[in-house]
Amino acid sequence: MGLASIVIRAYKRLKVEWCDLVEFVVIPGIAALLPWSLCFLFYKLIARDWTWLYREQCAEALRQAKRYGCVGSDEKQWMMEHRLVSLMDHADHYLYRTRSLKSMSSHMDVHGCWQGGGGAAFLWTFHWGMGMWALRHAREHGMQAPMVLAAPSGPDFVGRTVFGHYVRARMRSVELALREPIIFVPGGMSGVRAALAEMKQVVVVMDVPQDQVSVTRLAHLLGTPVSVPALLPQLAVDKGIPVTVFYMGIDMVTGRRQLHIHPLGIQSDAKTLTDTTFLHLDQLLKNSASAWHLWAQAPRFFVARD
């Protein structure tokens, strides 16, 4: 390998690390320094004007969302909102580490009540909006809930030291918010079963691309058949485990977080449970599509393999 090749590789690596430092540490970390109301106004400004921020992710998200009719007539507004939600999702890690529950609760509206505390239960959510403060709220209201997450490894982490440190630090924040260890996948079903046997509630993000799931069944999103996880709905039905669906969005005008909690109770049919769960995501995509984090991965997600 010649000197020129070494220099080019070093330059490309430095560029990636610098970009990750700015997008996952420096700009989201500003939330730790400013009062939230002021910080939200600042984030809205840069989400509108700094089009280089999360550029590739936002551009691909827009392309995919347009394919499914989820953008509308104002593409710039859609991109601003998608960029803002991404930024706030990252910022919540720093807010969690630097703000008290009382402080952030003053910027949050809660719709619904947690159920299932003291017994085995599932708490299901989606890659939509921001989740960190919902997890903390669940713990403070009686939930003892480890969360199922993908292990921090794979191609996305190769040559990205800053990104890897950020993801692991964020996962640590999840553990601190819930006061429970993470259940890593793949290979996490034994941990899920063990937590349920201990009468705990298990947090699971249900909208994962079908190539990450071994057993699926069909649900419908935006009028399209999609293969979604089948094992957990079947387990909930077989064991009589109650399910609650929750998600947290943002009021784009005021910056107040909106936590929605929907107890579904114990269901007797796995397909009905699956359909009911993903009906919530379907409505979110129809009403506030810009807050969904998986648009850039839509070709992997909107697949019907069953």
Side-chain angles (χ1 to χ4, degrees), residues 28 31 36-37 39-48 54 57-58 61-62 64-65 68-72 74 77-96 99 101 103-114 123-141 143 147 170 173-174 177 203-208 221-222 243-264 276-298 301:
W36 174 245
S37 298
C39 187
F40 177 69
L41 293 176
F42 175 64
Y43 280 168
K44 283 186 69 175
L45 180 66
I46 64 176
R48 184 193 68 192
Y54 312 122
Q57 167 198 320
C58 289
L62 179 66
Q64 296 299 330
Y68 293 92
C70 291
V71 174
D74 193 338
Q77 178 67 20
W78 195 95
M79 285 280 275
M80 185 280 284
E81 292 180 0
H82 187 71
R83 187 177 293 110
L84 178 60
V85 170
S86 297
L87 175 55
M88 289 181 59
D89 188 46
H90 297 309
D92 273 0
H93 159 62
Y94 301 98
L95 284 170
Y96 172 75
R99 297 291 194 273
L101 178 65
S103 172
M104 288 312 298
S105 293
S106 66
H107 298 282
M108 181 170 65
D109 299 318
V110 181
H111 311 273
C113 298
W114 298 104
L123 309 178
W124 291 348
T125 190
F126 311 109
H127 290 95
W128 183 91
M130 296 79 59
M132 185 70 72
W133 287 94
L135 302 181
R136 186 168 187 175
H137 188 273
R139 178 65 195 196
E140 296 300 328
H141 288 78
M143 300 296 103
M147 186 172 187
R170 184 182 176 90
S173 290
V174 169
V203 179
V204 185
V205 184
M206 292 296 285
D207 55 335
V208 295
L221 290 171
L222 303 175
V243 174
T244 293
V245 172
F246 73 96
Y247 41 87
M248 176 176 278
I250 187 74
D251 184 317
M252 291 291 179
V253 176
T254 66
R256 293 186 64 81
R257 287 162 174 76
Q258 304 294 316
L259 173 58
H260 296 267
I261 307 167
H262 301 275
L264 304 183
T276 302
T277 298
F278 281 89
L279 180 60
H280 284 278
L281 179 59
D282 185 66
Q283 292 300 313
L284 291 172
L285 295 182
K286 290 175 178 176
N287 297 328
S288 188
S290 60
W292 195 45
H293 297 285
L294 293 192
W295 278 120
Q297 301 181 46
F301 185 82

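Scope of the values below: all heavy atoms of this structure, side chains included, with no hydrogens, waters or symmetry mates.
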Undergrad: Less than 4.5 Å apart, side chain to side chain, heavy atoms only: is that true for P28 and L87?
TA: yes
Undergrad: From L284 CG over to C70 SG, what is the distance, rounded to the nearest 0.5 angstrom?
TA: 11.5 Å
Undergrad: Distance from Q57 atom CD to R83 atom CZ, nearest 0.5 Å?
TA: 9.5 Å
Undergrad: D92 pairs by salt bridge (charged side-chain N to carboxylate O under 4.0 Å, His left out) with which of R136, R170, R257, R99?
TA: R257
Undergrad: Can you tell me if W36 uses its side chain to pair, donor with acceptor, with the backbone of S106 under 3.5 Å?
TA: no
Undergrad: Between Y68 and L221, is there a donor-acceptor pair closer than 3.5 Å when you use the side chain of the first and the backbone of the second?
TA: no
Undergrad: Looking at W78 versus H82, is the centre-to-centre ring distance below 6.0 Å?
TA: yes
Undergrad: Could you tell me if the side chain of H127 sits less than 4.5 Å from the side chain of V208, heavy atoms only?
TA: yes
Undergrad: Side chains of Y54 and H90, heavy atoms from C-beta outward: is any pair under 4.5 Å?
TA: yes
Undergrad: Could you report the tightest heavy-atom contact between W133 and L101, atom names first, then the distance?
TA: CZ3-CA, 4.4 Å
Undergrad: With a 4.5 Å limit on heavy-atom distance, are the side chains of S37 and H107 in contact?
TA: yes
Undergrad: With the side chain counted from C-beta on, respond yes when H280 and T277 share a heavy-atom pair under 4.5 Å apart, and no when they do not.
TA: no
Undergrad: Checking T125 side chain against F246 main chain: does a donor-acceptor pair fall under 3.5 Å?
TA: yes
Undergrad: Is there a donor-acceptor pair under 3.5 Å between the side chain of K44 and the backbone N or O of M252?
TA: yes
Undergrad: State, without any angle test, whether W292 and D207 hold a side-chain donor-acceptor pair at a distance under 3.5 Å.
TA: yes
Undergrad: Are any non-hydrogen side-chain atoms of H293 and V85 less than 4.5 angstrom apart?
TA: yes
Undergrad: Check whether any side-chain heavy atom of L123 lies under 4.5 Å from a side-chain heavy atom of W114, and answer yes or no.
TA: yes
Undergrad: When you check the gap from the basic side-chain N to the acidic O, do D251 and R256 get nearer than 4.0 Å?
TA: no
Undergrad: Looking at M132, is its backbone amide N or carbonyl O close enough to the side chain of Y96 to form a donor-acceptor pair, meaning the two atoms are under 3.5 Å apart?
TA: no
Undergrad: Within the 4.5 Å heavy-atom criterion, are E81 and I250 side-chain neighbours or not?
TA: no
Undergrad: Could you label the plane-to-plane angle of the F278 and F126 rings as parallel, tilted or perpendicular, counting under 30° as parallel and over 60° as perpendicular?
TA: tilted
